[in-house]
Amino acid sequence: MAHLYELRNRLAVVLVWLFLAMLVAYPFSEKGMLLVWKEFISPELDMAVYSPLEWIFARLKLCLVFALAVSIPQFFYQLYRFAGKGLYPHEKRFFLKVVPASFLLFILGSAWAISLSCL
């Protein structure tokens, strides 16, 4: 039961980060939606919103994507803190080398994909 309580507490920390990131992103989500529309969808097409909730949910989805991107490092940190107690020292060293490198490569690959899509 102690493991389940610890896992619950660590997941709660990640969810708090996710929620706070969504709160921070929401005021900027309207400009983000318009930027996404302009860059990835034809600017000649008019955006049609058929209900007020549709626009709000679209903005919340954009905020969720931002919040997921921001809270992934916290998720991996909490995962390491939870699983690190059961790892051997050589496994901990491997984990501490691989995870930051893979996250950096993910960020670089995402930035490269975004830069290619804007061309």
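Numbers here simply count residues along the sequence, with the first being 1.
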### Query
What pairs of residues pass the side chain to side chain donor-acceptor pair (under 3.5 Å) test when at least one of them lies in residues 46-60, not counting sequence neighbours?
S29-R59
#### Entry: Interatomic distance, C63 atom SG to F57 atom CZ [nearest 0.5 angstrom]
13.0 Å
## Note on the structure
What one should report as the nearest heavy-atom pair of L34 and M47 is CD2-CE, 3.9 Å
### Heavy-atom side-chain contact between F40 and L35 under 4.5 Å
no
### Message
Taking the ring of F95 and the ring of Y80, is the distance between their centroids below 6.0 Å?
### Response
yes
### Message
Which residues pass the salt bridge (charged side-chain N to carboxylate O under 4.0 Å, His left out) test with E39, not counting sequence neighbours?
### Response
none
Name every donor-acceptor pair, under 3.5 Å, that has one atom in a side chain of residues 7-26 and the other anywhere in the protein, sequence neighbours excluded.
from	atom 1	to	atom 2	distance (Å)
N9	ND2	Y5	O	3.2
R10	NE	E6	OE2	3.2
R10	NH1	Q78	OE1	2.8
R10	NH2	E6	OE2	3.3

### Query
Do other residues, nucleotides or ligands put more than 12 heavy atoms under 6.0 Å from F75 CZ?
no
### Message
Measuring from atom NZ of K85 to atom NE2 of H3, what distance do you get when rounded to the nearest 0.5 angstrom?
### Response
8.0 Å
### Task
Using the test ring pair (Phe, Tyr, Trp, His ring centres under 6.0 Å), find all partners of H90 that sit at least two apart in sequence or belong to another chain.
Y88
### Task
Verify the cluster assignment for Y77 and F82: are they in a single hydrophobic cluster under the rule of side-chain heavy atoms below 4.5 Å apart?
no
### Task
Decide whether V49 and L45 are clustered together by the hydrophobic rule: side chain heavy atoms of Ile, Leu, Val, Met, Phe, Trp, Tyr closer than 4.5 Å, transitively.
yes
#### Entry: Verify same cluster id: L79, V99 (apolar side-chain graph, 4.5 Å)
yes
### Message
Let me check something: do F76 and F106 share a hydrophobic cluster, defined by ILVMFWY side-chain heavy atoms less than 4.5 Å apart, either directly or through other members?
### Response
yes
### Task
Apply side chain to side chain contact (heavy atoms under 4.5 Å, CB included) to L105 and list each qualifying residue two or more places apart in sequence or on a separate chain.
none
### Task
Is it possible for you to say whether L96 and L104 belong to one hydrophobic cluster, with membership spreading through side-chain heavy-atom contacts below 4.5 Å?
no
### Message
Can you list everything that forms a side chain to side chain contact (heavy atoms under 4.5 Å, CB included) with V65? Sequence neighbours excluded, please.
### Response
none
